[in-house]
Amino acid sequence: MAALGALLLSLGCSPVLPSPRADIEETHVAPPAPRWGIAIHGGAGVIDRAKLSAEREAEMRAVLTASLEAGHGILAKGGSSLDAVTAAIRILEDSPLFNAGKGAVFTHEGTNELDAALMNGHTREAGAVAGLRHVRNPIALARAVMEKSPHVMMMGEGAERFAEQEGLELVPESYFYTEERWQALQRALAAEKEKKAEPEQQGKQQSFWESPAGREYKFGTVGAVALDQAGHLAAGTSTGGMTNKRFGRVGDSPIIGAGTYADEGCAVSATGHGEYFIRYTVARDVCARAAYSGMKLGAAADRVVMDVLVKAGGEGGIIAMDVQGNVAMPFNSKGMYRGYMGADGAASVAIFRDP
Ligand code: ASP
């Protein structure tokens with residue numbers, strides 16, 4: 001089964017091929033489907049093997065494994081995919097190593113604004129929150145919005161007031177400070193200033209994230225998808241957004257159908273350059289292709305991430321699971337922190353194209 005996990009992870013590593021993809025089904029010959037399981041991600045982007053120390057890599061793999069174990073423990077006892085996804089994401093939110101909860105990146109103004117969403121595929125209920133500045137675990141608030149309010153999405157001050165009413169843990173803004181993310185903002189600001197000063201950039205729409213300097217500072221969002229023993233799917237995503245984002249910017253993570261989506265047949269959590277994932281309604285597109293065209297999950301996920309998004313210039317990846325327990329994890333960036341654990345409890349964690 002560990003070999004199956006490794007195979008699933010490697011399926012996320014298919015090269016970018018020209019379209020039309022006549023070979024697409026062949027590159028995704030699905031292994032026998034596990035009945036239930038959980039997949040997670042800790043963000044995609046420019047993850048440079050040379051810059052990632054062995055110690056840091058080991059730490060990240062340990063947190064990803066702990067997250068998988070938390071979700072798996074719930075599923076193994078017959079718990080719901082919703083509980084598994086929530087528990088797995090909370091662990092990643094509490095780690096300073098990932099861009100969600102503690103460890104969230106900084107906005108242009110030097111603040112932290114957190115977004116999250118959760119969706120129950122079986123009931124199609126969803127909860128989403130955006131622009132949080134004091135909620136320790138945004139995924140818990142997304143869940144409260146879903147279960148305890150008549151709404152799907154709440155933002156900013158109102159969302160935080162609701163968090164207080166629901167007794168969720170609020171923290172001072174300083175809780176989200178990490179030196180590493182702060183330094184990343186300083187580098188981003190310096191690079192942006194330099195770029196603006198270039199004569200050919202003057203008068204042009206600033207697109208910092210497209211520049212080589214900008215590309216270094218993106219991504220790191222966390223997410224999970226799970227299938228429980230009752231055959232129900234769930235998906236969740238939590239993020240600090242993108243370094244140097246403007247005040248009030250909301251990415252794809254809390255947008256149902258863009259960064260997060262689940263229905264009876266398919267669940268997706270995304271990570272990447274959110275503006276593209278919103279415009280291409282990535283999460284829903286993957287599930288819709290699988291549902292309407294009869295494409296296998298891996299082929300549908302690959303088509304959207306490795307073809308549609310690549311042509312559009314949208315960098316990132318997704319984790320997806322279908323109701324048979326098939327998993328796809330394609331990414332078109334250099335790396336994506338990711339992991340999978342099926343019924344056998346063997347953890348498969350990968351970061352680079354070769355795990
Ligand atoms: N998708 C997130 C956003 O645009 C960023 C990420 O995945 O790291 O807010």
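We count ligands from 1, going down the list as the structure has it; atoms in each ligand are counted the same way. Bear in mind that the values here come from a model prediction, so they are computed numbers and not experimental data.
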Student: Out of the candidates H108, E275, E113, only one should pair with R249 under the side-chain hydrogen bond (donor to acceptor under 3.5 Å, both in side chains) rule; please name it.
Tutor: E275
Student: Judging by distance only, is a nitrogen or oxygen of T221 under 3.5 angstrom from one on ligand 1?
Tutor: yes
Student: Identify which one of T221, L64, T271, I40 satisfies the side-chain contact (heavy atoms from CB on, under 4.5 Å) criterion when paired with Y337.
Tutor: L64
Student: Would G43 count as a contact of ligand 1 if the rule is a heavy atom under 4.0 Å away?
Tutor: no
Student: Quick one: do F176 and I91 end up in the same hydrophobic cluster if we chain Ile, Leu, Val, Met, Phe, Trp and Tyr together by side-chain heavy atoms under 4.5 Å apart?
Tutor: no
Student: Tell me whether G251 has any N or O atom under 3.5 angstrom from an N or O of ligand 1.
Tutor: no
Student: Passes side-chain contact (heavy atoms from CB on, under 4.5 Å), M154 versus L141? Steps please.
Tutor: CA-CA 9 Å; M154 295 178 78; L141 183 56; over 6 Å; no
Student: So, S269 and H41: side-chain donor and acceptor under 3.5 Å apart, yes or no?
Tutor: yes
Student: Please could you name the atoms of ligand 1 that G241 approaches to less than 4.0 Å, counting only its heavy atoms?
Tutor: 5 (C), 9 (O)
Student: So, regarding G274 and ligand 1 (criterion: nitrogen or oxygen to nitrogen or oxygen, under 3.5 Å), is there a contact or not?
Tutor: yes
Student: Taking distance alone, with N or O pairs closer than 3.5 Å, would you say R249 contacts ligand 1?
Tutor: yes
Student: Considering distance alone, does some N or O of G220 sit under 3.5 Å from an N or O of ligand 1?
Tutor: yes
Student: With heavy-atom distances below 4.0 Å as the criterion, list the atoms of ligand 1 near T271.
Tutor: 6 (C), 7 (O), 8 (O)
Student: Can you check ring-ring contact (aromatic ring centres under 6.0 Å, His included) on W36 and H72, steps first, answer last?
Tutor: CA-CA 9 Å; W36 55 270; H72 182 271; 5.0 Å; yes
Student: On a heavy-atom basis, I'd like to know which of I278, V222, L114, D252 is closest to atom 3 (C) of ligand 1.
Tutor: D252
Student: In Å and rounded to the nearest 0.5 Å, what is the OG1 to CD distance from T65 to E69?
Tutor: 6.5 Å
Student: Give the atoms of ligand 1, by number and element, whose distance to some non-hydrogen atom of M242 is under 4.0 Å.
Tutor: 4 (O), 5 (C)
Student: Looking at I278, T260, T237, which hits side-chain contact (heavy atoms from CB on, under 4.5 Å) with D252?
Tutor: I278
Student: With the threshold set at under 4.0 angstrom, would you say G272 reaches ligand 1 through any of its heavy atoms?
Tutor: yes
